[in-house]
Amino acid sequence: MPETKPILMQGNEACAEGAINAGVRFFAGYPITPSTEVAELMAAKLPDIGGVFMQMEDEIASMAAVIGASIGGMRAITATSGPGFSLKQENLGFAIMAEIPCVVVNVQRMGPSTGVPTAPSQGDIMQTRWGTHGDHPIIVFSPASVYETYYLTIAAVNLSQKLRQPVVLLLDEVIGHMREKVLIPGGGRLIVEKASDKAPADWKPYDDKGVTPLVPFGFGRYYHVTGLYHDQYGFPTSDPRQVERALDRLHDKLKKYRDEIVLTNYIGHREPKVAIVAYGCTVRSARAVIKKAYWQNRLPVGLLSLQTIWPFPDREIKELAEKADVIIVPELNMGQLVGEVERCACGRAEVIPLNRYDGEMITPDQLVEKMGRWLS
Amino acid sequence: MVRAIERTGFDQKDVVIVSGIGCSSRASGYLNFNTLHTTHGRALAFATGLKMARPELKIFVIMGDGDCSAIGGNHFIHACRRNIDLNAVIINNQIYGMTGGQYSPLTPQGSKASTAPRGTLERPFDILKLARGAGATFGARGTAVQPRQLEQLIARAAAHKGFSVVESLSQCPVAYGRRNNLGGPVEMLKSMKEKSISVEKATAMDENELEGKILTGVHFSIEAPEYAEEYYRTVTAEENH
């Protein structure tokens, strides 16, 4: 068995390591705080393993180059922060529409606009859902630790390939820059196959029967890739039946693989009176509260942490709302995901937001104060 | 362009056509190659990623004048600067045709457009001078009225190692010609032919004689290190390959 070694690592570093171990061999990006370390590490590592690092002229070009490389058969990723993520939206929509696998890392910083570049925030929750125009599906992961960053990056790359669907890895400044112990499997590195064509003779790039693996350009499978609505071979159409079917197709593949996509984790009392629903760095403060209130004092509390925020874990919230009287939703914004929690709780539990938007973390004490009357 | 590709002897499966958005860029959807119809202005950035992932591919990038020089201007100068082996073909009809005739950065000064009813005040780019200044290593201009020359120019651009630019002047009788009293398609093509002179002949002419002329042929062709080749020279191949 390969040895598993503990390594002290930063979140951004874990993201780069995870990507490389998931077979990513192409990175295109543009410098931006607080995600730059991902680019710097990729620039250092990729040339040694046959990969390509490109610092592009802007954020838009980085997204475009990543899609281009993916069409060529290389697993590709880019990393940015709020302002850059805004710029990438049009091409992100293209990748969704044309079903080109890619991963976009957004290490959130405080906005709007240039905001506070070095302060943590969870202000891009709704932008990751609806940042690009049109009625599109999206997958968004939000890790709460350096280790989660490592394995969710791998999951993001693999899911993106399997579903031919862009995946956004939503970090925040705390997770991106924090250093903690990570256990990474040692031993051999994943074998990355060169682009090839193993598809059956009747392969279609946009088969009506469902998602097919992408056959990269250059293998004599002549098809078209476009952001226009298209038929099974990628050629443009505006036939209402084909248009409707094509949009359904994009959403259906996420519905079909829902259980693989939606990742959550519950800790605490089986029948909680009060539960916290958290994601990203706020999970850490929530965990500290649960540690004391449940593991030490056996109070009826629990924490549902969301590794996947889009598609929204609706069933998990519904289930939790059946048990808990109160759900507290801490967020480093003015209240974004709390609306979704409220929608899914359907009035079965009282949903209370806890918001902080001064560029500082929500502390365990703030959570305890909010939970006060249920903890005594 | 298809005839030029045939002339080069490239294998069909190695040829990729990338395009932006606009009248010119719908061309990719009519060609039997691997074709990539991207977002407005971004064709060169998509093509750059593809070329770096698969340097063996022969990539032609079709853009319009607005597509390439306005919204895509940044990608254009940086593709020139890198000298990456892509073949840019700019179909310049001097107007945004698909959206109904708005002026572009290649619309001649004084021309009328739907967004310049009194004539545009803006000075146009000379796209080949821009390309040369930004570091492209091959630049040529042809016209829709001289298709044989155009075919030769595109074939030479394709054979060139490095970033090449072929500007192909075309006409938009509906959105440009009509508004500027240039007649129908035939008159526009005739006038294009009359104005065209080769770069070789132009060397013997002075500035006054060259006023309003279209200089066709190869404007520059320079040897310089090509980006993808230089990059892969520095890369260690993965052990598993």
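Labels below follow one simple rule: chain letters A, B, ... track the order of the sequence lines, proteins then strands, and each chain is numbered from 1.
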Flag, side chain of Arg54(B) to backbone of Gly73(A), donor-acceptor distance under 3.5 Å
no
Distance-only, no hydrogens or angles: does the Tyr232(B) side chain make a donor-acceptor pair with backbone N or O of Val52(A) under 3.5 Å?
no
Mind checking the CZ-OH spacing from Phe235(A) to Tyr30(B)? Nearest 0.5 Å is all I need.
11.0 Å
Quick one, [X] and [Y] - any side-chain contact, counting heavy atoms below 4.5 Å?
X: Thr236(B); Y: Ile49(A); value: no
X: His224(A); Y: Leu36(B); value: no
X: Leu228(A); Y: Arg26(B); value: yes

One pair to check against side-chain contact (heavy atoms from CB on, under 4.5 Å): His75(B) and Ile60(A). What are the steps and the verdict?
CA-CA 9 Å; His75(B) 311 308; Ile60(A) 299 170; 4.3 Å; yes
Options Arg221(A), Met54(A), Met63(A), ranked by heavy-atom pairs under 4.5 Å with chain B, top entry:
Met54(A)
Nearest heavy-atom neighbours spanning Ala64(A) and Ala45(B):
CB-CB, 3.6 Å
So with a 6.0 Å cut-off around [atom1] of [X], is the heavy-atom count from everything else above 12?
X: Lys161(B); atom1: NZ; result: no
X: Glu223(B); atom1: CD; result: no
X: Glu244(A); atom1: CD; result: no
X: Glu6(B); atom1: CD; result: no
X: Phe125(B); atom1: CZ; result: no
X: Lys45(A); atom1: NZ; result: no

For Thr35(B) and Tyr222(A): C-alpha separation, side-chain torsions, deciding distance, then whether side-chain contact (heavy atoms from CB on, under 4.5 Å) applies.
CA-CA 8 Å; Thr35(B) 50; Tyr222(A) 303 119; over 6 Å; no
Which residue out of [options] racks up the most heavy-atom pairs below 4.5 Å with chain A?
options: Ile21(B), Thr234(B), Asn34(B); result: Asn34(B)
options: Thr38(B), Leu31(B), Leu57(B), Asp14(B); result: Thr38(B)
options: Lys51(B), His37(B), Met52(B); result: His37(B)

Where on Ser28(B) is there a heavy atom nearer than 4.5 Å to chain A: the side chain, the backbone, both, or neither?
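Backbone plus side chain of Ser28(B), per the 4.5 Å heavy-atom cut-off to chain A.
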Heavy-atom contact with chain B under 4.5 Å, split by part of Ala195(A)
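Ala195(A) touches chain B through side-chain heavy atoms alone.
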Is there a ring pair (Phe, Tyr, Trp, His ring centres under 6.0 Å) between Phe94(A) and Phe46(B) once you walk through the steps?
CA-CA 11 Å; Phe94(A) 178 91; Phe46(B) 280 78; 5.1 Å; yes
Please confirm whether the ring centroid of Phe53(A) lies under 6.0 Å from the ring centroid of Tyr231(B).
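Distance test on ring centres: not under 6.0 Å, no.
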